[in-house]
Amino acid sequence: MNPVELIRKKRNGGALAPEEISWLVGAYAKGELPDYQMSAFLMAVCFRGMTADETTAFVDIMLHSGKVIDLSSIPGRKVDKHSTGGVGDKVSLILAPMVAACGVPVPMISGRGLGHTGGTLDKLESIPGFRTDLTIDEYREVIRDIGLVMIGQTAEIAPADRRMYALRDVTATVESIPLIAGSIMSKKLAEGIDALVLDIKSGDGAFMKTYNDAVTLGRTLVGIGTAAGKDTLGMITAMDQPLGAAIGNWCEVEEAMDCLRGKNVVDLMEVTYALGGAMVYFGGKAASIAEGMALCRSAIWSGAAHEKFLQLVERQGGDIAYLNEPGRVPAPRHRIEVRATSSGFVAGCATMKLGVLAVELGAGRRKVDDVIDPTAGIVLAKKVGDHTEKGETLATISTNREDAVRRAAEVCSASITIVPERVALPPRVQALIDRDGVKPWTAPTYY
């Protein structure tokens, strides 16, 4: 195979044969294809897309570039959730222990930050000592012991995606639907699940900027999961402002801990309960999504979800003292208060700009080998719909980077729009997608 000819073929809009895709991905996974050629191929896919047959072949070779885990010896229906990426999206930190506390085993293989969006692994690793690099045997042992495990890709699980994921992050080749589908589904189908719930983000802070694009991605992902014999459901959720107040790593862990202790961060928990209800339903512990949501709420109120998260942290090497006493974490060198320049109501957030700013502060990566600063980030004091007086704090910025301080407050302030009249808040969960198509979402009346 000639990689230059294959890149040219895709660049010119041609469809690659399954064996051509297999060769490209396999050669890259083995280190026989250099980063610069894979980058060119990824960019060609971003511009030209893939056919359904190409996407199927792409997912298949990514999946079988490593091991497919068998968890059949562990009782219960194993259910996972995946988000397509957003700003302030710490749902997994609350959701996974909450669902596990309802009796549904949750094997979760997560990713790192990608572009302007945060990554669950980076958040977990901001807890001192927390290990996300478990072996497959350790992965099985943890979920067998506590009903929950949260790790990153091992060398054995979809290794082609592991290399490609880091490359996409720093080459502006994230937003392509086939590439997103291949990355997500190769990991998820490899982890030993029986069912999958997908959080498909739509809006300024998402990779899919429009509802229609999110639906297209959702149909693709649900179709792949269903064809693989897994119960698969997608939820379209709004990402037109950050989810919750915190954007970063350690600050998002702190907010997740508050929610596990019972704090109702309304937009964050609306999404978390909806996804959790679907997972508990797929896990066979509820007769409907609504009943699953009720069980999830009970797991929060009773403290069972909080206790399950502490079990997870201890089991994977983390120091729970930092969760019980957040003041142990060293403070960043710079904390900047961003204040309102006028009175009124917050009408919108330039969510992607805030995500990019968080990366510049040190909460994400601009190069593959960048080191994450766990304390860097932004905590919003006001969200869309909130009233503010001139001079009130809109957000607090934290960073250790001297070069980021000068423009951080200006960028953050410019990202938050204030108007004289209160704006209406749309629902966070917008629709469901299953094997039968797209359906409207109606939250249970008690919510």
Side-chain angles (χ1 to χ4, degrees), residues 66-82 90-111 119-158 187-197 230-231 253 256-257 259-261 272 275-276 278-286 292 295-296 298-324:
K67 293 183 178 180
V68 178
I69 301 171
D70 182 2
L71 295 180
S72 59
S73 64
I74 295 171
R77 285 178 55 78
K78 277 67 69 176
V79 186
D80 191 12
K81 160 264 178 188
H82 187 86
K90 71 281 298 175
V91 166
S92 291
L93 304 183
I94 310 163
L95 177 77
M98 180 181 75
V99 171
C102 294
V104 177
V106 182
M108 187 172 284
I109 297 178
S110 300
T120 298
L121 294 185
D122 299 321
K123 303 180 207 307
L124 289 170
E125 288 177 355
S126 72
I127 304 170
F130 194 101
R131 287 184 57 213
T132 62
D133 60 345
L134 304 188
T135 66
I136 290 178
D137 285 343
E138 289 174 317
Y139 170 85
R140 285 196 187 96
E141 288 172 8
V142 174
I143 192 168
R144 182 179 294 113
D145 291 348
I146 66 172
L148 168 67
V149 63
M150 300 178 77
I151 69 167
Q153 284 173 270
T154 70
E156 303 103 322
I157 300 170
K187 289 194 291 283
K188 294 305 169 183
L189 296 176
E191 65 185 8
I193 56 171
D194 298 300
L196 176 64
V197 176
K230 312 297 180 184
D231 289 330
V253 170
M257 288 299 296
C259 291
L260 285 166
R261 294 186 183 106
T272 303
L275 294 166
M279 291 177 71
V280 174
Y281 167 66
F282 273 160
K285 299 298 181 180
L295 291 173
C296 287
S298 295
I300 294 288
W301 293 342
S302 69
H306 176 256
E307 180 59 32
K308 185 63 70 174
F309 186 69
L310 295 182
Q311 288 178 18
L312 172 76
V313 173
E314 282 196 305
R315 190 69 172 74
Q316 293 190 213
D319 189 342
I320 64 170
Y322 286 85
L323 300 177
N324 295 325

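With hydrogens and angles disregarded, no donor-acceptor distance shorter than 3.5 Å links the side chain of R315 to the backbone of I143. Side-chain atoms of Y139 do not come within 3.5 Å of backbone N or O of I109 as any donor-acceptor pair. Looking only at distances, no side-chain donor or acceptor of K67 sits under 3.5 Å from a matching main-chain atom of A190. Panel note: side chain K78, backbone L71; a donor-acceptor pair is recorded below 3.5 Å. K308 contributes a side-chain N or O that, together with a main-chain N or O of I146, makes up a donor-acceptor pair within less than 3.5 Å. Although no hydrogens or angles enter the test, the distance criterion places a donor-acceptor pair under 3.5 Å between the side chain of K230 and the main chain of I193. For R77 (side chain) and F282 (main-chain N/O), a donor-acceptor pair under 3.5 Å exists by modelled atom type. No donor-acceptor distance shorter than 3.5 angstrom exists from the side chain of E125 to the backbone of T132, with no hydrogens or angles considered.
Residue P97 forms a side chain to side chain contact (heavy atoms under 4.5 Å, CB included) with just one option from L260, L312, V106, and that option is L260.
Residues satisfying the salt bridge (Lys or Arg N to Asp or Glu O under 4.0 Å) test with R131, not counting sequence neighbours, are D133, E138. Partners of E141 according to the salt bridge (Lys or Arg N to Asp or Glu O under 4.0 Å) rule, which considers only residues two or more places apart in sequence or in another chain, do not exist here.
In plain terms, the two heavy atoms of K285 and C102 that are nearest each other are CG-O, 3.7 Å.
The 12-atom threshold is not exceeded at OH of Y281, counting heavy atoms of other residues, nucleotides or ligands nearer than 6.0 Å.
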- Task: Test side-chain contact (heavy atoms from CB on, under 4.5 Å) on E314 and L310 and set out the steps.
- Result: CA-CA 6 Å; E314 282 196 305; L310 295 182; 5.6 Å; no
- Message: Is there a side-chain contact (heavy atoms from CB on, under 4.5 Å) between C296 and M279? Walk through the geometry before answering.
- Response: CA-CA 10 Å; C296 287; M279 291 177 71; over 6 Å; no
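Residues D137 and T135 have side chains that never bring a donor and an acceptor to within less than 3.5 angstrom of each other.
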